[in-house]
Number of protein chains: 2
Amino acid sequence: MVKTGETVKKLSRKGYRLTPQRLMILEAVDGADDHISAEEIYAQVCDQYPNLNISTVYRTLELLKELELVTETDLGDGRVRYHNIKKGHHHHLVCHRCGNIIDMDEAVLSPLKAALLMQYGFNAELRHLAIFGLCKECK
Amino acid sequence: MVKTGETVKKLSRKGYRLTPQRLMILEAVDGADDHISAEEIYAQVCDQYPNLNISTVYRTLELLKELELVTETDLGDGRVRYHNIKKGHHHHLVCHRCGNIIDMDEAVLSPLKAALLMQYGFNAELRHLAIFGLCKECK
DNA sequence: TATGCAGATGCAAGGGGTTGCAATTGCCAA
DNA sequence: TTGGCAATTGCAACCCCTTGCATCTGCATA
């Protein structure tokens with residue numbers, strides 16, 4: 001997404017309509033510093049436009065995922081979070097004892113990606129992965 | 001789980017009660033050839049004991065996860081599946097175009113596990129992972 | 001600028017899963 | 001064998017998310 005303007009152009013070019021709901025959701029995702037949940041987007045947009053329906057938020061996020069403008073991560077708290085894809089691919093190590101979340105560099109996964117391609121011909125999409133386990137302190 | 005009997009002993013030893021509901025759920029998980037969903041377990045046990053509540057199934061599966069007797073996998077179809085841990089650790093490559101599921105050897109993940117331990121001191125629990133992407137045919 | 005319609009929205013119902021609480025019941029100790 | 005109590009269950013309500021459907025509306029076209 002980088003800038004909302006670019007996303008708007010991309011949507012328009014592909015024939016998607018630029019409804020006010022969509023534009024406001026876009027802005028909310030884009031304005032979020034880090035991972036934001038659908039509920040948070042909903043609450044934020046509702047301040048200006050209380051008619052918004054939560055299903056519109058989910059449908060818009062689904063669309064943005066398909067267009068590869070956001071990624072989705074499940075950090076294991078029963079609530080999926082979304083993230084502007086242009087703010088960088090990154091991954092998380094989630095400690096299921098203390099709940100701590102460590103950011104992990106994308107490079108750590110490169111050998112795995114390569115191995116999967118070589119051994120299985122499988123093109124893994126490791127855009128935004130969460131790996132569970134125990135952190136240094138809890139182990 | 002290997003045999004239901006062993007699991008029963010483990011539960012008993014740890015002070016968990018052996019209720020008929022639990023025993024029947026255990027048997028269903030153990031009898032399943034491959035991954036089984038909570039709903040499937042519920043339906044199966046209900047044949048003999050129609051009083052069973054689905055939340056008991058979920059709570060029992062939660063317990064079995066904690067005791068490391070089953071693993072949980074989300075193959076992306078909106079329904080989590082369970083698998084007897086003793087039938088071997090394995091992982092899946094899920095093609096999100098054709099839906100094909102390729103079984104993946106555990107060994108492929110060993111370098112990743114080692115790298116995470118070395119670089120982050122993080123002890124990853126990669127028991128039953130699903131990796132999404134495009135398979136050979138769809139790529 | 002007015003028109004038509006495919007795409008988008010709101011609504012309500014539904015699906016998978018979780019949780020608080022009161023009632024029930026394994027199981028230990030007497 | 002019985003009594004007591006903490007673990008377990010069933011129930012109902014709830015949470016997050018998805019979906020079918022009727023209505024509405026951006027936007028291309030005339």
Side-chain angles (χ1 to χ4, degrees), chain A residues 7-29 35-46 48-67 69-82 96 130, chain B residues 7-26 28-29 35-46 48-67 70-82 96 130:
Chain A
T7 308
V8 168
K9 268 186 240 154
K10 184 160 183 177
L11 285 174
S12 175
R13 205 187 321 131
K14 296 213 167 193
Y16 295 102
R17 283 200 208 155
L18 306 176
T19 66
Q21 292 93 327
R22 246 173 213 178
L23 295 175
M24 288 186 286
I25 293 167
L26 251 44
E27 217 164 319
V29 178
H35 311 76
I36 189 171
S37 71
E39 207 69 37
E40 284 164 347
I41 295 169
Y42 177 65
Q44 203 171 309
V45 176
C46 267
Q48 330 171 219
Y49 181 73
N51 252 6
L52 181 74
N53 195 279
I54 187 79
S55 58
T56 300
V57 177
Y58 283 111
R59 282 190 279 229
T60 302
L61 289 169
E62 185 62 33
L63 177 62
L64 296 175
K65 261 197 299 178
E66 272 166 34
L67 297 179
L69 294 167
V70 301
T71 51
E72 198 184 63
T73 320
D74 180 358
L75 262 23
D77 66 343
R79 176 186 276 92
V80 171
R81 287 167 195 286
Y82 299 86
H96 60 55
Chain B
T7 308
V8 169
K9 266 186 242 156
K10 184 159 184 179
L11 285 174
S12 177
R13 204 186 324 130
K14 297 215 168 192
Y16 294 102
R17 284 200 206 155
L18 305 176
T19 66
Q21 292 93 327
R22 244 172 215 177
L23 295 174
M24 289 185 286
I25 293 166
L26 252 45
V29 177
H35 312 77
I36 189 170
S37 70
E39 206 69 37
E40 283 163 349
I41 296 169
Y42 176 64
Q44 203 171 308
V45 176
C46 266
Q48 331 170 217
Y49 181 73
N51 253 6
L52 181 73
N53 195 279
I54 187 79
S55 58
T56 300
V57 177
Y58 283 111
R59 282 190 278 229
T60 302
L61 289 169
E62 185 61 32
L63 177 63
L64 296 176
K65 260 196 299 176
E66 271 165 35
L67 298 178
V70 301
T71 51
E72 197 184 65
T73 321
D74 180 359
L75 262 24
D77 66 343
R79 177 186 274 91
V80 171
R81 287 165 195 288
Y82 299 86
H96 60 54

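Computation of the quantities below employed the complete heavy-atom set of this structure, encompassing side-chain atoms and omitting hydrogens, waters and symmetry-equivalent molecules.
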Does the side chain of A:Leu63 come within less than 4.5 Å of A:Leu11's, by heavy atoms?
yes

Any side-chain heavy atom of B:Thr7 within less than 4.5 Å of one from B:Val29?
no

Going 5' to 3' along nucleotides 25-30 of chain C, which nucleotides have protein heavy atoms under 4.0 Å from the base (write B), which only from the sugar-phosphate (write S), and which from neither (write -)?
BBS---

What pairs of donor and acceptor atoms, side-chain ones from residues 12-19 of chain B against any protein atom, are under 3.5 angstrom apart with sequence neighbours left out?
unit_1  : atom_1 : unit_2  : atom_2 : d
B:Thr19 : OG1    : B:Arg22 : N      : 3.2

With a 4.0 Å cut-off on heavy atoms, is B:Tyr42 in touch with a base, just the backbone sugar-phosphate, or nothing at all?
nothing

How many whole angstroms separate atom [atom1] of [X] from atom [atom2] of [N]?
{"X": "B:Asn53", "N": "C:dG16", "atom1": "CG", "atom2": "C1'", "result": "14 Å"}
{"X": "B:Leu75", "N": "C:dG16", "atom1": "CG", "atom2": "P", "result": "16 Å"}
{"X": "A:Ile54", "N": "C:dA12", "atom1": "CD1", "atom2": "P", "result": "16 Å"}
{"X": "A:Arg13", "N": "C:dG7", "atom1": "CZ", "atom2": "P", "result": "19 Å"}
{"X": "B:Tyr82", "N": "C:dG17", "atom1": "OH", "atom2": "C1'", "result": "8 Å"}
{"X": "A:Glu66", "N": "C:dG7", "atom1": "CD", "atom2": "P", "result": "14 Å"}
{"X": "A:Asn51", "N": "C:dC11", "atom1": "CG", "atom2": "C1'", "result": "11 Å"}

Between C:dG17 and A:Arg79, counting only base atoms on the nucleotide and side-chain atoms on the residue, is there a donor-acceptor pair under 3.5 Å?
no

Once hydrogens and angles are ignored, does a donor-acceptor distance under 3.5 Å link the base of C:dG7 to the side chain of A:Arg59?
no

Of all pairs that satisfy salt bridge (charged side-chain N to carboxylate O under 4.0 Å, His left out), the ones with a partner from residues 54-67 of chain B, not counting sequence neighbours
B:Glu62-B:Lys65, B:Lys65-B:Glu72

Sorted by chain and residue number, the salt bridge (charged side-chain N to carboxylate O under 4.0 Å, His left out) partners of A:Glu39 (sequence neighbours excluded) come out as none

Could you work out, with side chain to side chain donor-acceptor pair (under 3.5 Å) as the rule, every residue matching [X], not counting sequence neighbours?
{"X": "B:Asp74", "value": "none"}
{"X": "A:Asn51", "value": "none"}
{"X": "A:Arg81", "value": "A:Asp77"}
{"X": "A:Thr73", "value": "A:His128"}

Distance test, side-chain N/O of B:Tyr58 to OP1/OP2 of C:dT18, below 4.0 Å
no

On DNA chain C, does the nearest nucleotide to A:Arg22 precede the nearest nucleotide to A:Ser55 from the 5' side, or the other way round? Give the residue.
A:Arg22

Which two nucleotides bound the region of DNA chain D that has atoms under 4.0 Å from heavy atoms of chain A, read 5' to 3'?
D:dC16 to D:dC27

